[in-house]
Structure formats: structure tokens, C-alpha cells
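To keep things clear, I will list the structure first and then write my remarks on it.
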Amino acid sequence: AEGAGAGGCPFAAAGLDPGLAAALRRDGVTRLFPVQRAVIPRLLRGAASPVHPGDVCVSAPTGSGKTLAYVLPIVQLLAPRAVRRLRAVVVLPNRDLVGQVKRVFDLYAAAAVGPSGGSGGGLAGRPGLRVAGLSGQTSFAKEQALLCTAVDGSTGASESKVDVVVATPGRLVDHIRGTAGLTMEHVSVLVVDEADRLLSQSYSEWLPTFLAAAHREDPGHPRAGPLAPFASRPFAVGRTYRRPTGGVRASERTRTGCWLQKLLFSATLSHDPEQLASLQLVLPTLFVADGRLGGPGGRRRAGAVPTDEGEPVLPTGEGVGKGTGDGEDKKDEPEYTVPETLSEHMVVCGAQHKPLVVLYFLLVRRLTRVLVFVASREAARRLAALLNFYDGVACEEFSSTLTSAERRGIIVRFNSDDLNVVVCSDAMARGMDLGRVETVISYDPPVAAQTYVHRVGRTARAGAPGTSYVLLRRQEVLHFKRLHRAIGDRAIPTVTLKPEDYDAIPGDYEAALAHLKRQVQPSAEGTKAGRMAAVHESLARRARKRLDHA
């Protein structure tokens, strides 16, 4: 990990050029986060390596600065290029994330400064970086027009119009197979963001398709000789010969091609080499951000490097899946981490009491900027309709039934404090760019440790405080505690609500249930969702009666 050093300038210590440093300060960034101080210098140094620089895997909580950790070095390394080629590909699981990351690339690509001192358009006499987003937001033909010129029928040549592609896996595969002239053979960096999802079986097709395209051999390309880079046909069509990844050793280098470095980022990245085998990683280094280490009473893992500002340390290790070498049993180490500034709580209640618990937090405890996780789209719709019945609650559901423009509108309204509650499912939360979430409520409990880590990672971001509540039925408590052991052994206090706490909720709960029935029945009457809503209402009504007679 890299400290501030260098005369107190953290950006210079990390090796960032002045243009990028100025852009960061303009955006209010005065220092780099630990994950950035560790990863950025590693990537910048590796670019000058005569051998393969080694792949990089980063496991760090949501909100720890992972996006800038790869955007800044990619922009800085590509800015001096003389010829535009597609040299970096970033893959993300959904279109909302594609849009967010593309905007970050666009912001800092305009700020890159070269040795000549020119900025905002590349080096003197050289074109500025161009970034394309491929997510299906526009037609396939329009995306094709962004990527490359038409193929010349006589020479087979085509010129790239972009330097960086940010894409969903499905759209990337579509363009590899269907866009004439598009080549992956100049790509030197592959970024897999949200790697835990993108390496799952549901996304199994994109990786072998990309690797095959990136390592495709040109039959006419000479395999040796000092004049190989100047061979006419490969140069004309823009082909780069690259050795198959599986045959690369540190002592080997290609004569004519470039290395393909893979960068994996996730809050719940697997450390198991078997799960990462499909990536064909070369000399991988694993960076794990762990806010527990080095704190009061905390123990330090072997290889952990403290930051100079007392922030969470960043343990690093050579080789994914290797032990720490300190003789400790690896199974004692937590598999995932959550932000150190997160305050976690459990609320044990019956299923029929869950709406009342949420109302209590919103109307009695006056919680604002709240994100509520539910198990399904229908549950999000019902809960949002119920909450909106009450004065003082401005709530929206964030679901796949909304258009991209509607989802962006919800994010804008939440970020501007026009909304104080957003209800969503786990799948939709990956694409949200909500700012300053203060409280996360798991209305339905998470089914896995990875799910919990991604939920609570929406708050306590960038060192800010945050609070999490998990609503559990009594029979779910033991399962959740077992699930939480993958994160660490810190105790989670239980919040107990009594009947008088529910009595303090203003408004008429029966009227709210009637409002919910009117909202749900027109679109779901007679369906399974409608029947579930009726059961939910019946349970809540019985619970209210029991509380009234308690």
C-alpha cells in the first residue's frame, strides 16, 4: 500500500499525472482511499514491465473506491498512445452500472495530461481518449457506428473509433460476434467489475468468447523474426499476435504483441483459485481491504500494511488462494469484510410485524435516507404503496418494471432529498448510484453472506458512518448468525420493540392496509401476487388486533 508521502501530495505519491490530480481536487477528492493507494501504483508500475505485469484481484467493500482504482491508471496509461485502438474493456453486470462507469471514464479522460503539458484531449497532436458504453440503451446499429469504421472490402482493414469499451457481458458478446472490423486483439486490460456475479454460471458465455477473440491468431502472422512487427498484412488489418494466456511464464515475452492484464474487483470476491480458473489468471496478486485489522484490540494479518492516516489497512498477498504464511488456520479468517464504520443490528419480530417495524423507524425514530431491501419486485411494490400512505414518508420502488429514465429520476430525487426511502430487490441495487445512504433495512433477510455484504455496502461508504437493520423471524436468527460468521465474529446487538413502540406510530394502520388493497388489486387481483398481498394484509390486521389487546 502507498502512503501519502511525496511532500504530502497523495496523488503524486501514487504516480498520478497533474491533470488527473487537478481533476480529483476539482471534484472534492483530497486524498486517495487505501484500495486506491495500493492498486493504482501497482498498475502504473506494471505497465512498464518487460514481462507480464501479473493480474490483480481486489476484494474490498462497496464504497471503498474501486472504480477510480482502475479508471485513473487506465486513463493515464492510454493517454500517450499515438494510434487509436481498443485497448481496454470493462465488463459490468447491468446497464445502469455501465452508464455510471462510463461517466467516470468520460470525466477523467478529458483531464489526462501528457509530458507536453496539454490536457483535455490527449497529447499534442494526438486524439483524446474515447469511451463507448455498450448496454443496449441504444440500438445495436448505433453502437456499431461508435466502435469502428466500415471494413474495407479490398484490404480487410478497419479502424477503431474508441480506446475503451464499457459493456454488459451479453452486449459485448453480441458485438464480438456481430460487428465487422471490431477486434479484441489490441486489448491490454480487461476489467471485471462485480466479478462475483460475472463469473457465475448465469454469465458463463461471455468470458470464453472474449478470451478467444483476444487471443485469436492471424494465420498470416509470422511467429518470429525482428521484422515481425512490420509484416504488411497484420499491420494493415490492425492485428496483434498474442501468445495464449495459458502458456505465459514470467520469463517469457512476446515479440510482437501486448500482454493481456486482467483486473478483478468485487466486494465479495472469491479467494478460491478453482472458482477463478476460467479467467486463466497469470501471476495474480490478491488485495483484500479489511477495516477490522489494526484497530483497537484487532489482530494484524501477515502482510498487512497500515496506512499513514490510521485508516483501514490493506493486506496484500501474492497468488490468489494462498495462505498468509503465519501459521494460522485459514478457516479462522473471515471470508468477507464490511465497513468498519457500519453499525449492525438485528430486529426479531413476526412476519406480520415487519411493516410496523419499518414505519416505527421512519416515523418515530425519524430515520431518513433509507434503503429497504425486499425479496421480490411485488414485495417492493406493496411495501412502497403502504409507506406512501403516511405523511412524512416519500418512498419509491426501484424495480425492473421502470424504464432507465424513471430509475435515473429516482436516483436524482433521492440524492436531492426529495425522497427519503427507496425500496428495491438485491438484483436492482447493484445498478443504483445512491448518495449518502444512512440506513439499510433488510426487510427480507439475506440468503447468503455475499448478499448481506452488498446490501450493507450501500451505506457507511468512504469512511462515513452507516447503520444496518435486519428484520428476522425467530426461526431465522440462527441461520443469520451462521451466515454472518463469514464476515467476522463481531456481535450484532438485537433491537427489541414493544407494543407501546408500535402504538407511537402516527396514523391509521387499518386505513393504510385498505389503501394497500386498492393499490394492489387493480393490477394483481386473482394472481398469485394478489393472493400473497391478501395474506399479508390479513396477518398484519391480526397482529394489530393482538397489539391493541396486549
Just verifying a value: how many Å separate [X] [atom1] and [Y] [atom2], rounded to the nearest 0.5 Å?
| X | Y | atom1 | atom2 | value |
| --- | --- | --- | --- | --- |
| Phe33 | Ile40 | CZ | CD1 | 11.5 Å |
| Asp96 | Phe398 | CG | CZ | 5.5 Å |
| Leu269 | Phe287 | CG | CZ | 12.5 Å |
| Leu43 | Leu77 | CG | CG | 7.5 Å |
| Phe210 | Leu279 | CZ | CG | 10.5 Å |
| Cys148 | Leu86 | SG | CG | 9.5 Å |

Taking all atoms of both residues into account, what is the closest heavy-atom pair of [X] and [Y], and its distance?
| X | Y | answer |
| --- | --- | --- |
| Thr30 | Pro10 | O-CG, 3.6 Å |
| Val98 | Ala167 | CG2-C, 3.6 Å |
| Val282 | Asp55 | N-OD2, 2.6 Å |
| Asp426 | Arg455 | OD1-NE, 2.6 Å |
| Pro339 | Thr459 | CG-O, 4.2 Å |
| Ala267 | Ser59 | O-OG, 4.0 Å |

Without swapping roles, check the side chain of [X] against the backbone of [Y] for a donor-acceptor pair under 3.5 Å.
| X | Y | result |
| --- | --- | --- |
| Arg369 | Gly435 | yes |
| Thr149 | Glu159 | yes |
| Lys66 | Ala60 | yes |
| Gln450 | Arg197 | no |
| Glu344 | Thr467 | no |
| Glu205 | Val173 | no |

Carefully, step by step, assess Leu260 and His215 under the rule side chain to side chain contact (heavy atoms under 4.5 Å, CB included). CA-CA 9 Å; Leu260 174 60; His215 293 282; 3.8 Å; yes

[Y] side chain reached by [X] side chain, heavy atoms, under 4.5 Å:
| X | Y | result |
| --- | --- | --- |
| Tyr70 | Asp193 | yes |
| Val83 | His186 | no |
| Leu107 | Arg26 | yes |
| Leu281 | Cys57 | yes |
| Phe11 | Leu72 | no |
| Leu211 | Lys262 | yes |
| Arg407 | Arg95 | yes |
| Val29 | Gln36 | no |

Using the rule given for side chain to side chain contact (heavy atoms under 4.5 Å, CB included), can you reason through Leu371 versus Phe414, listing the C-alpha separation, both sets of side-chain angles and the distance that settles it, and then say yes or no? CA-CA 10 Å; Leu371 181 59; Phe414 185 89; 5.9 Å; no

Step-by-step side chain to side chain contact (heavy atoms under 4.5 Å, CB included) determination, Leu134 to Leu147: CA-CA 10 Å; Leu134 309 178; Leu147 294 174; 4.1 Å; yes

Start with the C-alpha gap between His454 and Asp196, add the side-chain angles, then the distance that decides, and say whether side chain to side chain contact (heavy atoms under 4.5 Å, CB included) holds. CA-CA 11 Å; His454 281 288; Asp196 57 321; 3.2 Å; yes

Relative to the ring of His484, is the ring of Tyr452 parallel (under 30°), tilted (30 to 60°) or perpendicular (over 60°)?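 Perpendicular, since the angle between the ring planes exceeds 60°.
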
Residue from Val101, Leu146, Val104, Val164 passing side-chain contact (heavy atoms from CB on, under 4.5 Å) with Val131: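 Answer after filtering Val101, Leu146, Val104, Val164: Val164.
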
Of Arg87, Arg85, Arg81, Arg130, the residue whose pairing with Asp163 passes side-chain hydrogen bond (donor to acceptor under 3.5 Å, both in side chains):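 Exactly one option meets the side-chain hydrogen bond (donor to acceptor under 3.5 Å, both in side chains) with Asp163, and it is Arg81.
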
